[in-house]
Structure formats: C-alpha cells, structure tokens
2 protein chains.
Amino acid sequence: MTETPHDISERAQHMLKVLIDRYIRDGQPVGSRTLAREAGLNLSPATIRNVMSDLEELGYIRSPHTSAGRVPTVQGYRFFVDTLLKVQPLDSLSVEQLRAEFDMSMAPKELIEATSGLLSGITHLAGVVTLPKHEQAIFRRVEFLPLSEKRVLAILVTSKGEVQNRIIATERQCSASELQQASNYLNEHFTGKDLTAVRDTLLRDMQEARSTMNHMMATAMQMADQILEQNRNEGYVMAGQTNLMEFHELCDIDKLRNLFEAFNKKREILHLLDLCVHGEGIQIFIGDESGYHTLDECSMVTAPYQIDGRIVGVLGVIGPTRMAYDRVIPIVDATARLLGAALKQKD
Amino acid sequence: MTETPHDISERAQHMLKVLIDRYIRDGQPVGSRTLAREAGLNLSPATIRNVMSDLEELGYIRSPHTSAGRVPTVQGYRFFVDTLLKVQPLDSLSVEQLRAEFDMSMAPKELIEATSGLLSGITHLAGVVTLPKHEQAIFRRVEFLPLSEKRVLAILVTSKGEVQNRIIATERQCSASELQQASNYLNEHFTGKDLTAVRDTLLRDMQEARSTMNHMMATAMQMADQILEQNRNEGYVMAGQTNLMEFHELCDIDKLRNLFEAFNKKREILHLLDLCVHGEGIQIFIGDESGYHTLDECSMVTAPYQIDGRIVGVLGVIGPTRMAYDRVIPIVDATARLLGAALKQKD
DNA sequence: CTTGGCACTCTCAACTATAGAGTGCCAGCG
DNA sequence: CGCTGGCACTCTATAGTTGAGAGTGCCAAG
C-alpha cells in the first residue's frame, strides 16, 4: 500500500483509472461524488477530493472550470494506456469472426480497402491502412496492347500480384509485332529482376542505343517508377470518417472541417503513420502528442503489419482522445496480424 | 410591360431574379429596402413590398419569420433556373484552361477521379462523376501469371483500356505452359468479341467439356461479369465533400452527417444520377425535388457525358440549394464534354 | 400605381437571476 | 495521521427579460 511508483500511490492510480474509464464511457467531467460511488473503496467524496487534488497537481487530470469535476489530461491518458491499462488479446472466437471478414480472393488493393472499412466498422472510429510497401518489387511481366492508331495500353505486373496500367501515346502507329517484340525483349531480359535494377538498366540502355523501342521502354520505366513510388510511401486508405461526427467533443464544425481536410491532404497523417512503422508494435498518439494541431482532440492507435516478418505497412484507427482504448487496441493488433497473413498469400 | 407569362409580371420576374441573385451571394434573407436599392428600378421599398407579397403568394419566396426579409422557395429556384437564368457557355479561354487540366495519359479510372476533383476544385462544391458504362465491352486479352504454388494472377483487358485483375486459388499447381495454353485458347477464340457473348460461350463450353482449364475459364468469366456489372451501373467517384461544410445552412452536424453517410452508401445518390442519365442534357434537382430527405437543403447539377454520341455516364456537383447556378451550370456542361472527349481517345 | 408613414411583429444579443454541481478548506473524530 | 461531514465559495448552464433593429402590412394621400 505504501508502494508509490511514479510518485503516485496505488490507491490514486486506481482512482485515476476509474475516473478515466468513467470519462471514456460518457464524456462528462467526473466529480468526487461520482468517483466515490464508482471507485468501490468506501471512501467519502472529501477523501476522494484530496486525492484528485494530488492527481491534478501531478498533471494527470484537470478541471475544465472551478466546478465541473475532472477530465484526464493528455499526460493522464498516457499514464493510463502505458501502465494502468491491462490489454488482453482478443479472445479466439472474436479473432475467428474477424478472420472470416477477410476475403482471400481480393486483390491486395481491395483487401486494404476492405480492412480499413472493417476497422472503422468494428470500432466506430475512422479506420486507416497504409498501402503495403515492398522493399523490392520484382519485375514479372510487361505487356503492350494496341488500343487505337497511336495509343498503346501498357500493363506491368510485379510480384505480389500488383498490376499497373497506363496508356501511352506513340508518335507513330506501332504494329502488333513491334509491340510484341518490345514486350518480349523486356520480359526475356528482366523477368524476376528487382524493379529498381530494371529501372537502372533501362535507363542505361536507353542512353546507349536509341532503339525504336525507346518510347515503350520509357513508359515501362515510368510505370516502374510509379510502382516504386507507391511502394515507398504512397498513401493510405481511410474509412468511416463520418463516425467521428458522433463525438460531441469534435462537433465544432471548423475542427471537423480541418480534420477532414487533413485526411484528404494526407501529408500530415502519412507522416505520423510513418513514425508508427518505425516504432515497434502498437503505437498510440494521444492528443497533441502528434504535434499536429488538427489532431489535438484526437488519438491514433496503430499497429504495423508484416509479411514474412518484414513490416510493410501500418494500420489503425483515429478517434477522439476519449476512445475505448482497451477495446480498440486488441482489435487493431489482431487486424494487423490478419491483414499481414492475408497479404502473405498473394506473394 | 403588361405581358404576364406564368401569371407574373416582367417586373416581378426581374425582382425575383435580383432577390435570388442577392440571396445566393450572401445567404441572408433579402428585405424590401435592400431589394429596392439592388433592383435598379427606382421604386420605393413600399412598392417592392407589394410585389414581394405577390411573389410570396405565388410560392416563389417566403419569409423565415415575420420580420426577416424573404428567401427563395424551391419553386422559386426552379422558376429561376428554368426561365430567369440566361446561362451562357463558358468562354473559350476558360474551356481551354479546363481542357488543360485533363491529363490524357491517365487510365480511365484515374481520369474519372481527376475529373471529380476538378469539378469540386473549381466550383467549391462536391464533385461527382459516375463510372462510364460501356454497352458492349470487347474482350481484348486475358493473361494468367503464376504467383506462388497454387495462386494465379489473372488479368483481363477489355476495350477502352480497362484492366481487371484478380487472384485465383487453384486446387493444384498449374505449370506455366498450362496457363499459357489456357490464355492462348481464350485469346484466340474470343479477342474482339463482345464480352457478354464471350461470357455465354464460356458458360456453354464449360458445361459441354469439363476441361482442365475449367477453373481458369470460370475465373475469366467471373472477371467478365465483374467488368460488365461495373459497366452497367457500378458507382461513382466523389470529391470535395468537405467543401460543403463551409455553407452555414448545412452547418447542422446531424444534417451533415446524414449527407455524408448518404454519399458513402451511394445508393440514393446513384439512383438520382441514374435519373439524370436518362433525361437529356443538363439536369438540376433542387432541394426536396430529389425526394430524398437527406438532400433537402441541397441541389444537384448534372450533365451526361458521351463517347461517340452515346451517353455513358453522368457528372455534376452537389451543393446547397443556394449555389451559383449561373457559374456552375456552364462548368458542369463543359466538363462533361471534355471528359467525354478525353475518354473517347482511350477507345 | 406609387409612396411615405406608422403600428406591429419577430429575432437577436445582452443582461440578470437562479439552481445545481463541485470544489477547497477546516475542524473534529477514530 | 488519515478520514469525514459541514460549509462557504465559485462557476456554469438555463431560463427569463429587455431593448434595439429589421422588416412587414396596411393605409391614406399624391
């Protein structure tokens, strides 16, 4: 009982936990009377008040105003998730139900989209999943198909079942056999090679010999670039933004607007997700910890997902700081595992 | 001066136009004094009041309350856009600027997305573009690539430069030559044929001869179905929803939420867009004309876009009833033409 | 037909009063 | 020494009040 880790008695910790639990449940500042009832310690409100005063001094809670109970501070939430929260992994039944949601016949991109929808659906928050980045994309095949006179459809297939296509405008009409020749050349020389290597070789080839296939090759290279770029850090897929409108702490139209615009611009969010991919395991940003003002009232819970033990992306949810961390964390964790497993099978 | 089309004097019409113009500009109910100043008719507010009273009786305008000036009713807007508004086509400079925004090297899907972004960007409203439906999709090529032991990547290319891919789980490992054989068979027999015909033939073939390629063929058929389905009425792409948060008449968080959820669900919007594709030319739904409650405060301006004279989709914008129709209509119109032209070149 | 005048209505913003919630502090008690 | 009830105090949220301002409708006169 006299053990005081972090300068805060066990009793105070328990009260902090109860307070935050309660606040997360109904969003109202918690007063001493409520807490006295809830804490199950048979203490009078006056006693609770003393403890709350201490907690306030330590920066874990604060009053919105003189007479309004206490709400957790960012620091309070931080302490809560770091040491007060006992997260237990999802029970196996739930995991199975979750697993059933993954349709294995989906192409990677669709799978990503479905996963973000899944996250938002289960948590009632906004779900987000980054596109997987593959350190090395393998050139698998390229195909050129004539569309009309001077238009050629180029299709590039890489490992992981990714397909990229784009339309090339050629300066003159290319015969089918010419196109065939070009694709044959590329397929013969490069199949199975790393895409960056292919890119470099192509670049060199094009400088050395200005072949008639230059245009085709340039396009192939462009597509390779596009895939590489996309695989580096292209973007993310988001779902369930509208869920965030339900929380009254975010009901300020301007905040909401800024938030949604940040989602659209992607840059800031992407940077945060990038931080998450480097940290190990579950990462949580609470309120202004992110450093981005638009996310001041929000928290983000993320987990990296991996294929064959290599981290290739991050997924998670964004919601108000006042989110049910204990419920959300295991879900995010499990989903990350399942997505990794689902993607692995595409290899 | 005594000509009274629709039971409403020319003077009254002019006033209605000025009133609506003014209301569209700043969103405040317009009073008699303001209108007297604005109308340029050298009439006293009292006179204006008489006319406004008539207009109110006819249902074109109404007062939010006793002392608040008048705002247009849906019927007022309807009369405004149908007979009061002289829409002049976009000047050629603007059209050229607009045309420059279309990047011809984009694949159709990207082009659609870019176009909806373009619409929302220019109008500061929400832009929406349906995916083009092609009455007849032509089978162009199919390709099967082995991914891992029992996984095959299938790629189906149709006319219009559309590429569909999906991953097949095979019950046993297929050799490269087997796959090659399958694709060769399909390509030889079906290239250039209508996709529905291909589908039917495949269905018959599969019943007759249970070949080893059944699985492959079934998948090809699935993909064909998918493309056909998508081309029938799949969906739409939307951009700039956040723009709608700027309008104070939509600032009610619940309305906004419902609106955004309608956008996500797509069904209702899709139904409206479908109506627009059948009517000729520019279509405008004002307020509750749509029949959907969530769109009560919104208007939708759409134009079908065509390829080779055949209407294949609709695009437009969604915004508050109080939108600058005179500016929006020509933009929607021109964009529809340009998108059609841009898509035509993919053929 | 148009106009100025005038009484009337309604909203909006500012202000006031009050009830309720919660605190901090203190003195007393085990 | 920690816990407790009591009490004065503070602050918010809500309702009610008021006055200014805007706009109307109507009327009688030009």
Side-chain angles (χ1 to χ4, degrees), chain A residues 1-4 8-16 18-20 22-23 26-73 76 248-249 251-252, chain B residues 1-4 8-16 18-20 22-23 26-73 248-249 251:
Chain A
M1 202 53 114
T2 48
E3 185 195 345
T4 55
I8 168 173
S9 78
E10 209 151 307
R11 193 177 68 174
Q13 290 190 30
H14 173 246
M15 281 159 106
L16 179 57
V18 173
L19 187 148
I20 296 186
R22 169 76 191 213
Y23 182 69
D26 62 28
Q28 297 301 320
V30 184
S32 53
R33 188 174 332 224
T34 318
L35 198 49
R37 237 182 293 114
E38 209 104 330
L41 292 177
N42 260 341
L43 290 175
S44 80
T47 313
I48 304 280
R49 279 205 282 282
N50 290 328
V51 182
M52 285 169 97
S53 195
D54 295 345
L55 286 171
E56 181 155 30
E57 201 143 339
L58 290 167
Y60 293 123
I61 56 179
R62 63 184 183 81
S63 330
H65 53 83
T66 322
S67 148
R70 307 302 216 288
V71 300
T73 61
H248 24 309
E249 56 262 58
C251 261
D252 183 286
Chain B
M1 205 47 120
T2 48
E3 185 195 346
T4 55
I8 168 173
S9 77
E10 209 153 306
R11 194 178 67 174
Q13 290 189 29
H14 174 245
M15 284 184 181
L16 180 57
V18 174
L19 186 148
I20 296 185
R22 169 75 191 214
Y23 182 68
D26 62 26
Q28 297 301 318
V30 184
S32 54
R33 191 178 327 230
T34 316
L35 199 49
R37 239 183 293 113
E38 208 106 328
L41 292 176
N42 259 341
L43 291 174
S44 78
T47 313
I48 305 281
R49 278 205 284 281
N50 290 327
V51 182
M52 284 169 95
S53 194
D54 295 346
L55 287 171
E56 180 154 30
E57 201 143 337
L58 290 167
Y60 293 123
I61 57 180
R62 62 185 184 80
S63 327
H65 55 84
T66 324
S67 147
R70 308 300 218 288
V71 300
T73 60
H248 23 311
E249 55 262 60
C251 261

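Each chain gets a letter, A, B and so on, in the order the sequences are listed, and its residues count up from 1.
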Colleague: Here's a test of your reading of the structure: between A:Arg70 and B:Pro45, which maps to the more 5' nucleotide of DNA chain C?
Modeller: B:Pro45

Colleague: Mind calculating the distance between CD1 (B:Ile48) and P (D:dA22) to the nearest angstrom?
Modeller: 18 Å

Colleague: Which heavy atom of B:Ile61 sits nearest a heavy atom of B:Thr73, and at what distance?
Modeller: C-CG2, 3.7 Å

Colleague: Between atom CG in B:Leu35 and atom C1' in D:dA22, what is the gap in whole Å?
Modeller: 15 Å

Colleague: What heavy-atom pair brings A:Glu56 and A:Arg62 nearest, and what distance separates the two atoms?
Modeller: OE2-CA, 3.5 Å

Colleague: Quickly work out the A:Asn50 CG to D:dG6 C1' distance and round it to whole Å.
Modeller: 14 Å

Colleague: OH/A:Tyr60 to CD1/A:Ile20 distance, rounded to the nearest 0.5 angstrom?
Modeller: 10.0 Å

Colleague: A:Arg49 has an atom CZ; how far is it from atom C1' of D:dT10, in whole Å?
Modeller: 14 Å

Colleague: Using a cut-off of strictly less than 4.0 Å, decide whether A:Thr66 has a side-chain nitrogen or oxygen near OP1 or OP2 of D:dC11.
Modeller: yes

Colleague: For the residue pair A:Met15 and A:Val51, establish whether any side-chain heavy-atom pair is separated by less than 4.5 Å.
Modeller: yes

Colleague: If every non-hydrogen atom of A:Gly69 is compared with every non-hydrogen atom of A:Pro29, which pair is closest and at what distance?
Modeller: C-CB, 4.0 Å

Colleague: For DNA chain C, just give me the dot-bracket, please: Watson-Crick or G-U, both distances below 3.5 Å, ( ) intra-strand, [ ] crossing earlier pairs, | paired with another strand, . unpaired.
Modeller: ||||||||||||||||||||||||||||||

Colleague: As an exercise, state the distance from OG of B:Ser63 to CE of B:Met52, rounded to the nearest 0.5 Å.
Modeller: 7.5 Å

Colleague: Quick check: closest heavy atoms across A:Ala12 and A:Leu55, and the distance to 0.1 Å?
Modeller: O-CD1, 4.0 Å

Colleague: Roughly how far, to the nearest 0.5 Å, is the CD1 atom of B:Ile48 from the CD atom of B:Glu38?
Modeller: 11.0 Å

Colleague: Taking any atom closer than 4.0 angstrom to a non-hydrogen atom of chain B, what span of DNA chain C does the protein reach, first nucleotide to last?
Modeller: C:dT2 to C:dT11

Colleague: With nearest nucleotides of DNA chain C determined for B:Ala46 and A:Thr34 from heavy-atom distances, which residue corresponds to the more 5′ nucleotide?
Modeller: B:Ala46

